[in-house]
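One structure below.
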Amino acid sequence: MHNEMMEKIVSLCKRRGFIFQGSEIYGGLSGIWDYGPLGVELKKNIKELWWKSVVYQRTDIYGLDSAILMHPRVWKASGHLENFVDEWVDCKGCKKRFKVEEVERERCPECGGELTCSRHFNLMFKTSSPGAVEDEQNLFLRPETAQGIFVNFANILDTFHPKLPFGIAQIGKAFRNEITTRNFTFRTREFEQMEIEYFTKPEDAERWYEYWIKERLDWYIRWGIRKENLRVRTHQKEELAHYAQACADIEYKFPFGWKELEGIANRQDFDLREHSKESEEDLRYFDEKRNISLFPYIIEPSAGVERSLLAFLVDAYHEEEIKGRKRVVLRLHKALAPVKVAILPLLRNRKEVVEMAKRVRDLLLGDFVLRYDDTASIGKLYRRQDEIGTPYCITVDVQSLEDRKVTVRERDTMLQERVSIDQVKEYLQERLKC
Ligand code: GAP
């Protein structure tokens, strides 16, 4: 990856504890990443904001957490056994491997060398369960969370009796045996998806498809991604997945080019129809008004947690010059920032100042994700917090001992305000509210 911006992001992620190479002490595992103390908070915040917007702030979407392992016949019905394949070629010169669609003019994109003939490969991860009955021995790790929703469709109908249109949302791990995993965490073998399957009357599907494209685009903008770095790209007919009638990608302008963040597909009634056939269970919806049973159409907004995280990081990364010195600041939305408040004693060798700073820390502990740091000079401490996107830094100084006030510094403006210790919790709560 020869991209200066990406190198800075990768370095920051490792240095500050966002993202580490998976199994690093054993030389790493390609396409696998571990999320450190800051990465896990950022991931959690992304998932919470998504869940809040699609489940808590609506009345028509139900949450679900289905299993990663599913009956092997699910993948037959879904078409994944037959169709979830990638085609790849190897370079005879540099030995690198590429997906066929990454190659132009039938030469190696890296060294221009000759390529081998293409080969097919199913992207599902196989696993097995020796104790199970024969039919269940060969299992797959799910390549999308969507199928868990379809196989629970009847359960939701029977327990909640929703009327069309309604949706089912879930967040969970998915696994794909990706042939190539370039560009840091963009394409990985293990990742999390945030998926909604939105069930509509067939005649309303197009309208809901347009609705969800707009809704999801607005979500990224709402949480801080700059409009000009997002676009919607409609799939050509030949690009469509086997189940889709239409699909649009929300793309982000990554340093390595415009790439998919999320796909919104009109899956028609493909999935419910196929699972009905394979399972011999009737997965139709009964429309009481019209007195007919029908297979609803499905609109599917499907987003990747790690891809969103990478886009939020890249978009938030800023370098600026302050009084002749470089400042790196992650301008993450406050709701996304992994650490909300940092408490920094101005004089780490002055016992009373340190003690008071610790008392302020204890006062705020449990109400905010916070960091206490007294391991460097104040300039360095501020720089550390700016680099991880902490919205507020609190400093305790000698004057604090007398007036029981602290200095609160805001990340983006760097404006400082003296706030009474008695009021600092409410002060922060007010400003961090969203
Ligand atoms: N259920 C539909 C579905 O899975 P997809 O376009 O294959 O559609 C949806 O995946 C989203 O999941 C993508 O837009 C992307 O954000 C994320 N995703 C897919 N494959 C990924 C991978 N190998 N690594 C990281 N994220 C991935």
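Both counts, for ligands and for their atoms, begin at 1 and track the order of listing.
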Will you find, in the side chains of [X] and [Y], an N or O donor that is under 3.5 Å from an N or O acceptor?
X      : Y      : result
Tyr252 : Glu260 : no
Gln137 : Ser129 : no
Gln385 : Tyr392 : no

Would you confirm whether the ring centroid of [Y] sits within less than 6.0 angstrom of the ring centroid of [X]?
X      : Y      : value
Trp208 : Tyr198 : yes
Phe140 : His80  : no
Trp33  : Phe20  : no

At a 4.0 Å threshold, what atoms of ligand 1 neighbour a non-hydrogen atom of [X]?
X      : value
Thr188 : 22 (C), 23 (N), 24 (N), 25 (C)
Glu144 : 1 (N), 2 (C), 3 (C), 4 (O)
Gly263 : 14 (O)
Arg267 : 1 (N), 2 (C)
Glu195 : 1 (N), 2 (C), 3 (C), 4 (O)
Arg187 : 23 (N), 24 (N)
Glu262 : 14 (O)

*Salt bridge between Glu215 and Arg222, side-chain N to carboxylate O under 4.0 Å?*
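Looking at Arg222 together with Glu215, the answer is no, because their closest N to O distance does not fall below 4.0 Å.
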
*Salt bridge Glu24-Lys14, side-chain N to carboxylate O under 4.0 Å*: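 Here Glu24 pairs with Lys14 in a salt bridge, since their nearest N and O are under 4.0 Å apart.
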
Considering non-hydrogen atoms of the protein only, which is the closest contact for [atom], and what is the distance?
atom                    : answer
atom 18 (N) of ligand 1 : Phe191 CE1, 3.5 Å
atom 17 (C) of ligand 1 : Gly304 CA, 3.8 Å
atom 15 (C) of ligand 1 : Arg307 NH1, 3.5 Å
atom 6 (O) of ligand 1  : Glu260 OE2, 3.0 Å
atom 19 (C) of ligand 1 : Arg176 NH1, 3.5 Å
atom 16 (O) of ligand 1 : Leu261 O, 2.8 Å
atom 8 (O) of ligand 1  : Ser302 OG, 3.9 Å
atom 25 (C) of ligand 1 : Phe186 O, 3.3 Å

*Can you tell me how far CD of Gln193 sits from CZ of Phe191, rounded to the nearest 0.5 angstrom?*
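Output value for this atom pair is 5.0 Å.
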
_Distance, nearest 0.5 Å, that separates CD1 of Ile250 from OG of Ser302_ =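 The CD1 atom of Ile250 sits 11.0 Å away from the OG atom of Ser302.
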
Are any of the heavy atoms in [X] under 4.0 Å away from ligand 1?
X      : answer
Glu306 : no
Glu190 : no
Tyr243 : yes

If you measure every N or O of [X] against every N or O of ligand 1, does any of those distances drop under 3.5 Å?
X      : value
Thr185 : no
Pro143 : no
Glu197 : no
Ala303 : no

_4.5 Å side-chain heavy-atom contact, Ile343 and Arg371_ =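 No; the side chains remain at least 4.5 Å from each other.
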
_From Tyr62, Phe166, Tyr285, residue fulfilling ring-ring contact (aromatic ring centres under 6.0 Å, His included) relative to Phe199_ =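 Only one of Tyr62, Phe166, Tyr285 forms a ring-ring contact (aromatic ring centres under 6.0 Å, His included) with Phe199, namely Phe166.
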
*Criterion salt bridge (Lys or Arg N to Asp or Glu O under 4.0 Å) against Glu319, the qualifying member of Lys8, Arg327, Arg325*: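 Of Lys8, Arg327, Arg325, salt bridge (Lys or Arg N to Asp or Glu O under 4.0 Å) with Glu319 is met by Lys8 alone.
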
*Let me know which of Asn152, Asp271, Ile298, Ile299 forms a side chain to side chain contact (heavy atoms under 4.5 Å, CB included) with Glu197.*
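Exactly one option meets the side chain to side chain contact (heavy atoms under 4.5 Å, CB included) with Glu197, and it is Ile298.
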
_Glu300 contact mode with ligand 1 (heavy-atom cut-off under 4.0 Å)_ =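 Under 4.0 Å from ligand 1, Glu300 contributes side-chain atoms alone.
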
*asked:* Can you tell me which portion of Thr181 lies within the under-4.0 Å heavy-atom range of ligand 1? Options are side chain, backbone, both, or neither.
replied: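 It is neither; nothing of Thr181 touches ligand 1.
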
